[in-house]
Undergrad: 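Pasting in a structure now, in structure tokens, and then I'll have a few things to ask.
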Protein chains: 2
Amino acid sequence: MSDAQKGPVFTEIVLEVFKLGGFLVSEGDRMGSEYGITSARWKILGALSLAGEPQTVPQIAGSMGLTRQAVQRLVDAMQKDNLLLFQDNPGHKRAKLISLSDLGKTVYSKLYEKQSGWAKTCSAGITQAELETTLSVLERISGAIER
Amino acid sequence: MSDAQKGPVFTEIVLEVFKLGGFLVSEGDRMGSEYGITSARWKILGALSLAGEPQTVPQIAGSMGLTRQAVQRLVDAMQKDNLLLFQDNPGHKRAKLISLSDLGKTVYSKLYEKQSGWAKTCSAGITQAELETTLSVLERISGAIER
DNA sequence: GGCGAATTGACAACATATTGACAACCTCGG
DNA sequence: CCGAGGTTGTCAATATGTTGTCAATTCGCC
């Protein structure tokens, strides 16, 4: 199999990632609208939930592939909406630790249930193996770029 | 294989698509900066090149998964920068036909060469079959959302 | 031919994300 | 202990994309 054939497929994947990203943002906004949540805010809730412990803004940014400035703005707005809690960081005067408030936890778990049903619908007709290959390939491409 | 296991993998794919999308935009901006081109403008050049014939704004938007308003803004700016040509549409007084100018064609072909080498590096260690599976899965997910 | 529905361009308001710059803070080596 | 360099929060400018609205145009059906 010649490497020359991989270029065009790779280009198509890039275009499809852009397209699908747009669709997913729209879909996430739609699902979250019931709780006053946008896709971007959902990402923050998810990052905090996955981490399992309070995180700083740069930590969240790193795990999500965003800049710290982008995360900071979201986090500030979400604290005002009582979705997040800021705690003083004993080891660092400026870098506050951020965690989910009770409201944030409640909203996230309700979104998680809603998203599970949607995920099942979207992945109908796609095998587990295909999904795992896709995830692996996307991760390897991300890793190769590694900005 | 239970469907219940597909949900978590699907969620990870969604997060990875967001992350990779951000990386690809950055990388595209970086590669295009030499020619004064951003990722968004590259997408427009690519859509016109792939179509092979002049397109209207809504046609470009449909093929790229963007809204016509987003495409309109880019196209207007790119015409001012002499990357695109507007032609009167014989069949429609308002919807002008848009095509690549000579400058647009030159820039796109240079970007294509640059991107080819980059694609080869990024896809090192990934088989053709894996890439094709990934593209197929992403397309099926896009199709399932089909906003 | 004509009328209602859909398409299209234009404009506005907003959310998201980037880069750049600066000052405050922290860490670590000398 | 202290200063250089990296980290963090903040602010600003810009780019990209969304939704919503309006008027002009086109299309399809009668």
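Chain letters run A, B, ... following the sequence lines, proteins first and then strands; every chain starts at 1. In this text the structure is predicted, and so the values were computed from the model without any measurement.
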Undergrad: Is it true that A:Lys110 and A:Glu113 have a side-chain N and a carboxylate O under 4.0 angstrom from each other?
TA: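 Salt bridge flag = no for A:Glu113 with A:Lys110.
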Undergrad: Whole-Å distance between C:dC25 P and A:Lys96 NZ?
TA: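 The distance from NZ of A:Lys96 to P of C:dC25 comes to 12 Å, rounded to the nearest Å.
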Undergrad: When you measure from the side chain of B:Thr67, which nucleotide among D:dT18, D:dT16, C:dT19 comes out closest?
TA: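 My answer, after comparing the listed nucleotides, is D:dT18.
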Undergrad: Between B:Ser39 and D:dT16, is there a side-chain N or O to OP1/OP2 distance below 4.0 Å?
TA: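 For D:dT16, neither OP1 nor OP2 has a side-chain N or O of B:Ser39 closer than 4.0 Å.
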Undergrad: Check this for me: does the side-chain of B:Gln72 come within 3.5 Å of the base of D:dG17 through a donor and an acceptor?
TA: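 No, no donor-acceptor pair under 3.5 Å.
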Undergrad: Can you tell me if the side-chain N/O atoms of A:Ser26 get under 4.0 Å from OP1 or OP2 in D:dT18?
TA: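 The answer is no; no side-chain N or O of A:Ser26 sits under 4.0 Å from OP1 or OP2.
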Undergrad: Going by atom types only, do A:Arg140 and A:Ser136 share a side-chain donor-acceptor pair under 3.5 Å?
TA: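 A:Arg140 vs A:Ser136: donor-acceptor pair found between side chains.
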Undergrad: To the nearest angstrom, how far is A:Trp42 atom CH2 from C:dA17 atom P?
TA: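 Value for this atom pair: 15 Å.
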Undergrad: Check every strand shown and say whether A:Ala70 touches a base, only sugar-phosphate, or nothing at a heavy-atom separation below 4.0 Å.
TA: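 Base, at least one base atom sits under 4.0 Å.
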Undergrad: A:Leu74 CG to C:dC14 P: how many Å, rounded?
TA: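 To the nearest whole Å, that distance equals 17 Å.
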Undergrad: With each end axis built from five pairs of C1' atoms, what bend angle do you get for the helix from C:dG1-D:dC30 to C:dG30-D:dC1? Round to 10°.
TA: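 Inter-axis angle at the ends, rounded: 30°.
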Undergrad: Take B:Met64 and B:Val71 through the test side chain to side chain contact (heavy atoms under 4.5 Å, CB included) and record every step on the way to the result.
TA: CA-CA 9 Å; B:Met64 305 300 290; B:Val71 172; 5.8 Å; no
Undergrad: Is a side-chain donor-acceptor pair under 3.5 Å present for A:Thr38 with A:Asp29?
TA: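 No.
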Undergrad: So A:Val57, base contact, sugar-phosphate only, or nothing? Heavy-atom distance under 4.0 Å.
TA: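 If one applies the 4.0 Å heavy-atom cut-off, A:Val57 turns out to touch the sugar-phosphate alone, with no base involved.
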Undergrad: By nearest heavy atom, map A:Thr56 and A:Arg73 onto DNA chain D; which one lands nearer the 5' end?
TA: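 Between the two, 5'-proximity favours A:Thr56.
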Undergrad: What integer distance in Å separates B:Leu66:CG from D:dG17:P?
TA: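 These atoms are roughly 5 Å apart.
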Undergrad: Applying side-chain contact (heavy atoms from CB on, under 4.5 Å), name anything that partners A:Gln79, two or more places apart in sequence or on another chain.
TA: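 If we apply the side-chain contact (heavy atoms from CB on, under 4.5 Å) test to A:Gln79, skipping adjacent residues, the hits are A:Phe86.
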Undergrad: Expressed as a whole number of angstroms, how long is the span from B:Leu24:CG to C:dA17:P?
TA: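 That distance rounds to 15 Å.
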Undergrad: Using the side-chain heavy atoms of A:Lys43, tell me which of these nucleotides is nearest: D:dA15, D:dG17, C:dA17.
TA: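 Of D:dA15, D:dG17, C:dA17, C:dA17 is nearest to the side chain of A:Lys43.
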Undergrad: Need to verify one output field. Residue with the more 5' nearest nucleotide on DNA chain C, A:Arg41 or A:Gln69?
TA: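 Nearest-nucleotide comparison on DNA chain C picks A:Arg41.
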Undergrad: Rounded to whole angstrom units, what separation is found between the CG atom of B:Asp29 and the P atom of D:dT16?
TA: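 Between P of D:dT16 and CG of B:Asp29: 7 Å.
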Undergrad: In whole Å, I'd like the distance from the CG atom of A:Asp88 to the C1' atom of D:dT8.
TA: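 From A:Asp88 CG to D:dT8 C1': 15 Å.
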Undergrad: Treating Ile, Leu, Val, Met, Phe, Trp and Tyr as nodes and any side-chain heavy-atom pair under 4.5 angstrom as an edge, say whether A:Leu85 and A:Tyr35 lie in one connected cluster.
TA: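 No; tracing contacts between hydrophobic side chains, which count when under 4.5 Å, never links both residues.
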Undergrad: List for me each residue that meets side-chain contact (heavy atoms from CB on, under 4.5 Å) alongside A:Glu16, sequence neighbours excluded, and say none if there are none.
TA: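 A:Glu16 satisfies side-chain contact (heavy atoms from CB on, under 4.5 Å) with A:Lys19, B:Leu135, B:Leu138, B:Glu139, B:Ser142 once adjacent residues are dropped.
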Undergrad: Please report, rounded to the nearest Å, how far the C1' atom of C:dC11 is from the CG atom of B:Asp76.
TA: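 The distance from CG of B:Asp76 to C1' of C:dC11 comes to 12 Å, rounded to the nearest Å.
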